[in-house]
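Below, chains carry the letters A, B, ... as their sequence lines are ordered, and counting in each starts from 1. The basis for the numbers below is simple: all heavy atoms, side chains too, and nothing from hydrogens, waters or symmetry mates.
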Number of protein chains: 2
Amino acid sequence: MSLRHALLGLLVDKPASGYDLLKDFAGSLANVWPATQSQIYTELTKMAAAELITVTDAGPRGRKEYALTDAGLAELRHWLTEIPPNRPQRSDVLLRVFFLGVVDREQAREYLRGLAEKARQEHEELVGILERTDWEGGDLATYGRLALEYGLRFTDTRREWAEWAVDRIRT
Amino acid sequence: MSLRHALLGLLVDKPASGYDLLKDFAGSLANVWPATQSQIYTELTKMAAAELITVTDAGPRGRKEYALTDAGLAELRHWLTEIPPNRPQRSDVLLRVFFLGVVDREQAREYLRGLAEKARQEHEELVGILERTDWEGGDLATYGRLALEYGLRFTDTRREWAEWAVDRIRT
DNA sequence: TCCGCCATGTAAGCGGTTACATGATTGT
DNA sequence: ACAATCATGTAACCGCTTACATGGCGGA
């Protein structure tokens, strides 16, 4: 149930509507916890019913602005520090690697070259974000920077690994 | 629908029963594509209905041995080379990092130290597998080795990142 | 005889994706 | 007047998890 916690986390910063939050998910959270419009609105309704958030304002076009309650903040802290991150990581990319033996070696190398190239592109995109963003002040900036660094190192490692793997498949 | 392809991939090597396959998922595939007993049996039934696999033998205790059909192998190759790996990666670990600002700095450091330690442990486990396994011959060995290397590099990068992150949170 | 393993199957529920559906407001 | 954007909601479907349920076979 981490979508719930993502929403709580975003609402710590400032009250927001479903529509506002949707934009956060399209932006900084897109690479960490993607969520769809449908999902967000449904979850916000449930969270309001559970009194983790409350409607604090109503704007035009039926806009509802939600804010965190004390119970919501407590739930977020509880999740952060006490819930073990136990999500089993699936990787269809690695799964394909496992079975590359069913295609010929040249196709296998081609697949791995593609992975390297994709990793390189993703890395560049993240470098772009690094350069374009102001990392001064604010908790979200501080910790967002850590998350970005994770992405930078991860994409770099992934590229190096794929290049190494291409070399290992010798005829 | 990658569980289907994982099963197809395993059946390339040799025919097997649901029970046999279950053990593969508990072993080498546990870190790549976890699956439960319930899921495996259900999917095998569907795959047999779709004629991607067929029952080739029946053992004691109702054991059914499945083998790949030509259509099954074709489907596996198609998935390997032509289906873009587009699975959005969610990470509740990184999500927590994003919101570490809601707990105090010492707790944040503690969390990151825990991540570093966990990465170190996972790395050691993989080193154990590396040393215990015979990597000679066979496609599964060759490509399994690539997958393992990915795990080794990834866990190492993760540990380094977490240690770096701890240092960055200064009071 | 009895325990452990072999072996399969089903049902309830949840989170996520895709698609459908509606309508108000603002700026040009 | 019209398009773009703001703004919310719902329904069908799918894959995964957890739990329940059943029973045969082999070795100690």
Side-chain angles (χ1 to χ4, degrees), chain A residues 1-8 10 15-27 29-50 52-53 55-66 79 83-92 95, chain B residues 1-8 10 15-27 29-50 52-53 55-66 79 83-92 95:
Chain A
M1 264 228 287
S2 288
L3 170 62
R4 171 165 297 198
H5 301 107
L7 290 166
L8 289 172
L10 289 171
S17 67
Y19 194 81
D20 295 335
L21 293 164
L22 183 57
K23 280 181 290 185
D24 288 328
F25 279 92
L29 282 186
N31 296 309
V32 173
W33 203 270
T36 60
Q37 173 264 349
S38 158
Q39 223 183 328
I40 291 168
Y41 284 109
T42 308
E43 188 61 31
L44 284 172
T45 306
K46 284 187 203 160
M47 287 162 74
L52 298 170
I53 57 177
V55 177
T56 51
D57 195 16
R61 281 166 287 208
R63 176 192 167 94
K64 284 184 282 183
E65 198 166 74
Y66 294 97
W79 169 76
I83 308 294
N86 239 345
R87 193 159 283 282
Q89 292 286 2
R90 287 185 171 79
S91 165
D92 63 337
L95 189 59
Chain B
M1 265 230 286
S2 288
L3 170 61
R4 169 163 298 198
H5 301 108
L7 291 166
L8 290 172
L10 290 172
S17 68
Y19 194 79
D20 294 335
L21 294 164
L22 183 57
K23 280 181 289 185
D24 287 329
F25 278 93
L29 282 185
N31 296 309
V32 172
W33 202 271
T36 60
Q37 172 264 349
S38 159
Q39 221 183 330
I40 291 168
Y41 284 110
T42 308
E43 189 61 31
L44 284 172
T45 306
K46 284 187 203 160
M47 287 162 74
L52 298 171
I53 56 177
V55 178
T56 50
D57 194 17
R61 281 166 286 204
R63 175 190 167 96
K64 285 185 282 184
E65 199 165 74
Y66 294 98
W79 170 77
I83 307 293
N86 238 345
R87 194 158 284 282
Q89 292 287 2
R90 287 185 172 78
S91 166
D92 64 338
L95 189 59

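Listed nucleotides dG16(C), dG15(D), dT18(C) differ in distance to M1(B); the shortest reach to its side chain belongs to dG15(D). The side chain of R61(B) has dC6(C) as its nearest neighbour among dA7(D), dC6(C), dT17(C). The K46(A) side chain lies nearest to dG15(C) when the options are dA7(D), dG15(C), dT10(C). Comparing dT10(C), dC16(D), dT8(D) by their nearest atom to the side chain of S38(B) picks out dT10(C).
Rounded to the nearest 0.5 Å, atoms OG1 (T36(A)) and CD (E43(A)) are 11.0 Å apart. Note that CG of D92(A) is 12.5 Å distant from CG of L3(B), once rounded to the nearest 0.5 Å. In this structure, the separation between CG on L52(B) and CG on L7(B) is 10.5 Å, given to the nearest 0.5 Å.
The only option from L10(B), I53(B), T56(B), D57(B) that meets the side chain to side chain contact (heavy atoms under 4.5 Å, CB included) definition with Y66(B) turns out to be I53(B).
L3(B) places its CG atom 9 Å from the C1' atom of dG15(D), with the value rounded to the nearest Å. Here dG15(D) presents its C1' atom at 14 Å from CD of Q39(A), a figure rounded to the nearest Å. Atom NZ of K23(A) and atom P of dT8(D) are 10 Å apart (whole Å). The nearest whole Å value for the distance from the CZ atom in F25(A) to the C1' atom in dA7(D) is 17 Å. Straight-line distance from the NZ atom of K64(B) to the P atom of dG9(C): 4 Å, rounded to whole Å. Atoms CZ (R63(B)) and P (dC6(C)) sit 10 Å apart, rounded to a whole Å. One can place CG of L7(A) at 14 Å from C1' of dG16(C), the figure rounded to the nearest angstrom. Rounding to whole angstrom units, CG of residue N86(A) and C1' of dC16(D) are separated by 15 Å.
In this structure, P60(A) and Q37(A) both approach DNA chain C, and ranking their closest nucleotides by distance from the 5' end singles out Q37(A). Mapping L22(B) and R90(B) onto DNA chain C via the closest heavy atom, the residue that lands nearer the 5' end is L22(B).
For the OP1/OP2 pair of dG9(D) and a distance below 4.0 Å, the side-chain nitrogens and oxygens of Y41(A) include no atom meeting the criterion.
Although no hydrogens or angles enter the test, the distance criterion places a donor-acceptor pair under 3.5 Å between the side chain of S17(B) and the main chain of D20(B).
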